[in-house]
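Structure, as structure tokens:
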Amino acid sequence: MGDVIRLDDRRVRRRPDATALGSVTSGVRAEFFFDLASPFTYLAAERVERAFDVVTWTPACARTLRCRAVPGAEGDAEGIVAQARERAAALRLPLEWPERWPAPAPAAMRMAHHAEQAGRGGAFVLAATRLAFAGGFDLDDVEILTEAAAAAGLPLDDALRAAREPRRDGAMEAAARRLLSAGADRLPALHIERGVFWGVDRVSDAVATARLHAAAAGR
């Protein structure tokens, strides 16, 4: 097992959307809803982590949202692959496919829920999605979960215990229902102030909205 995938050396510092992802969103709170089995979580989380100072990382049940899926989004494997490859190329990020994809990753999602409660949600999501979609590793493999937990600074015993706790699934279903009630039909999604933006292509829109809120508040 190698080191957790590190992307800092592979990022291009000035990309077409780099201006929109600056620190001008300072002080605006964001809630990022995600499913770790989705490559779009990986592609969006990298930008969300850099764009916002304060983020709540909320795992949400993709199965609940699929009742309102659209072509090219959740439930359309070929569409997901094509769109993810296009976005990864535009962002100049590596993209690999885990062997079991698009199988769900319930243990990893439960660990993500635990990580957010422990104040390490962002660190865990970044570590886990890099292992999955920059490294091609299976997120429900215990060794991979162990590495992601270690990279996020989570005590291992607590993290592995959380991965075996089905009670956490209810919170993820509730998060998805919240998105449905707001009109969202896919993941990832961002809640910024009073607006919800869903789909990987809307991350830049969310950041632009956050910039307006920050400017209006004089932040």
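If you read the sequence from its start, that first residue is 1, and numbering goes on from there.
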Close side-chain approach of V200 to Q83, heavy-atom, < 4.5 Å: yes
Straight-line distance of H114 NE2 to M109 CE, nearest 0.5 Å: 15.5 Å
Distance-minimising heavy-atom pair for P59 and M172: O-CG, 3.4 Å
Min side-chain heavy-atom separation R186-L179 under 4.5 Å: no
For A60 against D35, the heavy-atom pair lying closest together: O-CB, 4.2 Å
Minimal non-hydrogen separation, M111 against A163, with atom names: CE-CB, 4.0 Å
T58 vs E31, side-chain hydrogen bond (donor to acceptor under 3.5 Å, both in side chains): CA-CA, chis, key distance, verdict: CA-CA 7 Å; T58 303; E31 184 172 11; 2.7 Å; yes
Interatomic distance, E116 atom CD to H113 atom NE2 [nearest 0.5 angstrom]: 8.5 Å
Residues which pass side chain to side chain contact (heavy atoms under 4.5 Å, CB included) with E96, listed by chain and number, not counting sequence neighbours: none
Gap between atom CG of L91 and atom CD of E86 - 0.5 Å precision: 10.5 Å
Sequence neighbours excluded, every pair satisfying salt bridge (Lys or Arg N to Asp or Glu O under 4.0 Å) that has a member inside residues 148-159: D158-R161
Distance (rounded to the nearest 0.5 Å) between T41 OG1 and W57 CH2: 9.5 Å
Heavy-atom side-chain proximity of R29 to T56 below 4.5 angstrom: no
For A84 against L43, the heavy-atom pair lying closest together: O-CD1, 3.7 Å
Minimum-distance pair of heavy atoms, taken over all atoms of A107 and L145: CB-CD1, 3.8 Å
Connected via hydrophobic side-chain network under 4.5 Å: F32 and V54: no
F133 vs S38 side-chain heavy atoms within contact, under 4.5 Å: no
Pairwise side-chain contact, L139 with R100, heavy-atom cut-off 4.5 Å (strictly under): no
Side chain to side chain contact (heavy atoms under 4.5 Å, CB included) between V48 and F34, worked out: CA-CA 12 Å; V48 169; F34 62 88; over 6 Å; no
E147/E143 under side chain to side chain contact (heavy atoms under 4.5 Å, CB included): CA gap, chis, key distance, verdict: CA-CA 6 Å; E147 186 149 347; E143 290 187 13; over 6 Å; no
Member of L131, D140, T129 meeting the side chain to side chain contact (heavy atoms under 4.5 Å, CB included) criterion with L36: T129
For L187, the option from F40, F33, W198 that meets side chain to side chain contact (heavy atoms under 4.5 Å, CB included): F33
Side-chain (R178) to main-chain (A174) donor-acceptor, under 3.5 angstrom: no
Note, R177 side chain near T64 side chain (heavy atom, < 4.5 Å): yes
A134 versus Y42, closest heavy-atom pair with distance: CB-OH, 3.8 Å
Gap separating the CZ atom of R130 from the CZ atom of F137, nearest 0.5 angstrom: 14.5 Å
R110 side, atom CZ; D169 side, atom CG - distance, nearest 0.5 Å: 4.0 Å
Polar side-chain atom of R120 near backbone of A152 as donor-acceptor pair, under 3.5 Å: yes
